[in-house]
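Here the structure comes first, spelled out in structure tokens, and everything after it is commentary.
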Number of protein chains: 2
Amino acid sequence: MTSPDDKRRTIRDVAKAAGVSISTASNALNGIGRTNAETREKVKRIADELGFRPNALARGLLTKRSHAIGMLTNDTYGRLTLPMAAGVSEILVDHGVSLFLCATNNDPRLAKLHIDALLDRQVDGIIFTATRIDLEPPPELLKLRIPVIYAFAQGPSDSVSFHPDDAQGARIAVQHLQTLGRSRILHITGEQNYLAARIRADAYRELAGSYGQVMFGEWSEEWGHSAIDAVYSRSAPKPDAIFCGSDEIARGVIDALRDRGISIPDDVAVVGFDNWEVVSRQTRPPLTTIDMELKELGHRAGLAILGLSRGEKFEPGVVRLPCSLVARGSA
Amino acid sequence: MTSPDDKRRTIRDVAKAAGVSISTASNALNGIGRTNAETREKVKRIADELGFRPNALARGLLTKRSHAIGMLTNDTYGRLTLPMAAGVSEILVDHGVSLFLCATNNDPRLAKLHIDALLDRQVDGIIFTATRIDLEPPPELLKLRIPVIYAFAQGPSDSVSFHPDDAQGARIAVQHLQTLGRSRILHITGEQNYLAARIRADAYRELAGSYGQVMFGEWSEEWGHSAIDAVYSRSAPKPDAIFCGSDEIARGVIDALRDRGISIPDDVAVVGFDNWEVVSRQTRPPLTTIDMELKELGHRAGLAILGLSRGEKFEPGVVRLPCSLVARGSA
DNA sequence: TGTTTTTGATAAAACCTTTTATCTCCTATA
DNA sequence: TATAGGAGATAAAAGGTTTTATCAAAAACA
């Protein structure tokens, strides 16, 4: 005598308890085929009573759809990746699809290992995410039989990628400052070999007028500091607003300005980029900044991979999702 | 005529190409049963040439081991969770086990949804992680047939949990300050209703001597600020060192001390807690702080769940993993 | 030479579902 | 009345693997 909870119930148990065949039980539960409404209800009720849940492995083996997708990411500390993963997950769970998380640490060998494992598990698709747009995805991804979506990363030309609209984000930042009456707007940003930094800088230049000037440097608070030191140690006319390439840079900028007794936003207005709340909420004053809507980006990527895995077609190319401005005290 | 890469190769293809039966192919590939060394090599070679990889669904269906485990987490912004997930993943990938990531957003309904999905997929085990130790895990976890590990979270008494050793972490912080010759050490920390905060505070009190004083507040930079304001607006003797409950608090403390022209570490030494590099590397001076070794915690949790899923036994209870001190400029 | 072991290989069952093809009743039509 | 058609149910195949039981041939033994 074994206890009733000893092992999982199978559809065979349900069928036997309902006094029908396995196929009838399956049809009834899935609501397909020709089934009498009465038996259908009975089977469903009994399945419920027994706590029956179909074995996803068996189902996937037969239907060739595992209802799982893989997400490849190259970072571990996750300021960019995790919001996206949360967005993806939110969409998937609503569709009964689970998410494999694979951290590749930028190691091609590890990436291959993970991709193989995902294929072995018959995932319905793969989302590749990166910490910067212009990062090469692992070559193994290019020739798969399953769909691949690139989020915050650049896929090959016939693939579909989702990026934040960096140019639009830069524009709304500059326009916000101009609406506040600022005309001498400086742009302090990160490394020039980041595509996103160049796109933002270009968009900024289009609007900034003759005063416009871009200072490339690093993605660090320290660089924000030293950039301000540089600006105020030269004789050129001083800015009345600064658009920063990241919240961290903005934090350094704000700290440096405060050290000089410059009032924010009265003397100089500051706008950041990222809306990384742990930074942007903690500056004094709190930082007005650009939000890349990473969770929404995850939503879109999730919907896309679901659609593709069902055979829907998507226009190849880069989809740029609009950024939004979060107004706080600094501008 | 279909192209050779049209679909995945099955073991049947390998068997046919090698001129052996399916069972022989299986035995050869897995190195079990009685197989001639020569045929074994041949089968392996041909499987390799064909790029054969076994279907994990079929294998899991039969062996009842899916070689996948689920990780339940309640946060989305991931400062604590993601390093742990990376640690777990590192261990698992070495053992050919994949990781389902489930973000529950602290929503019990969502947690149940995810747990059910994991069970349907026949995961070999579940790791529950949280953002604070004293957070109730979802009740569904308590009565599963598969093993559950609690990481950074408190399971029932017969379960196995992994926590950072908060008491030891607090002790090495205080001892470090004392080694530097400081005797008036203050403890500024977060909310008292966090168990971790209370444990650290208790350990601190044991060592701090008569000057010892704990200021509970919030886990924010702002609280660090206002705590310093409070300390310096009263007439009591001033501290020569401050042990902070988080790096964010420490950052607020350092900024406030600098505003007052107090030199760090000469006048006041500061130690943080978390080693959240984006904060601790950016303070001026850089922050000496306690690292909870979250990745190592992930390693241990991963090894534990692997062991349990193979039927090994683990002593129930809480395993406390030692923290380490990272010396930078502030103390 | 006849019998028992050992070796190597295989057929078939099993895992749990879904789906196709079949089958049995009934009812409606000619 | 004979036949066609439809409703409802089912047996069986399929999916890809592992494993058990079986089998044939070669080797070892008496």
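Nothing here was measured: the structure is a model prediction, and the numbers come from that model. Here is how names work: the chains are called A, B, and so on, in the same order as the sequence lines, proteins then strands, and each is numbered from 1. These values consider heavy atoms only, across backbone and side chains, with no hydrogens, waters or symmetry-generated copies.
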Once you round it to whole Å, what is the distance between [atom2] of [N] and [atom1] of [X]?
| X | N | atom1 | atom2 | result |
| --- | --- | --- | --- | --- |
| B:Q122 | D:dT17 | CD | P | 18 Å |
| B:N27 | D:dG16 | CG | P | 20 Å |
| B:I32 | D:dT19 | CD1 | C1' | 7 Å |

Positional range of nucleotides in DNA chain C within the contact set of chain B, heavy-atom, under 4.0 Å:
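Endpoints of the contacted stretch of DNA chain C: C:dT7 to C:dC16.
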
Are any of the side-chain heavy atoms of B:Q122 and A:N55 separated by less than 4.5 Å?
yes

Min side-chain heavy-atom separation B:V148-B:L144 under 4.5 Å:
yes

Where along residues 53-63 of chain A does a heavy atom come under 4.0 Å from DNA chain C, residue by residue in number order?
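By residue number: A:R53, A:P54, A:N55, A:A58, A:R59, A:L62, A:T63.
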
Within residues 10-24 of chain B, which residues have any heavy atom lying less than 4.0 Å from an atom of DNA chain C?
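Close to the strand are B:V20, B:S21, B:S23, B:T24.
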
Donor-acceptor pair, side chain of [X] and main chain of [Y], under 3.5 angstrom:
| X | Y | answer |
| --- | --- | --- |
| A:N74 | A:N105 | no |
| A:D107 | A:T104 | no |
| A:D165 | A:R320 | no |

Once salt bridge (charged side-chain N to carboxylate O under 4.0 Å, His left out) is applied, what residue pairs with a partner in residues 26-46 of chain B remain, sequence neighbours excluded?
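As it turns out, the salt bridge (charged side-chain N to carboxylate O under 4.0 Å, His left out) pairs with a partner in residues 26-46 of chain B, which skip direct neighbours, are B:R45-B:E49.
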
Spell out protein contact along nucleotides 21-27 of chain D as letters: B when the base is contacted, S when just the sugar-phosphate is, - when no protein heavy atom is under 4.0 Å; keep the 5' to 3' order.
-------

Among A:V160, A:L306, A:I69, A:I305, find the residue that satisfies the side-chain contact (heavy atoms from CB on, under 4.5 Å) test when tested with A:P147.
A:I305

Salt-bridge criterion met for B:R53 and B:D48 (N-O under 4.0 Å):
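No, no charged N to carboxylate O under 4.0 Å.
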
Quick check for you: to the nearest 0.5 Å, what is the distance between A:S161 atom OG and A:F128 atom CZ?
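Between atom OG of A:S161 and atom CZ of A:F128 there are 10.5 Å.
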
Do B:T24 and B:S21 have side-chain N/O donor and acceptor atoms under 3.5 Å apart?
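There is such a pair between these side chains.
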
Hey, does B:N30 reach any base, or is it just sugar-phosphate, or nothing, if we go heavy atoms under 4.0 Å?
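Sugar-phosphate only.
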
Got a sec: does the CZ of A:R65 have more than 12 other heavy atoms crowding it under 6.0 Å?
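Above 12, so yes.
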
Within residues 147-159 of chain A or reaching into it, pairs that qualify as side chain to side chain donor-acceptor pair (under 3.5 Å) - sequence neighbours excluded
none

Which pair of non-hydrogen atoms, one from B:A47 and one from B:L29, has the smallest distance, and what is that distance?
CB-CD2, 3.8 Å

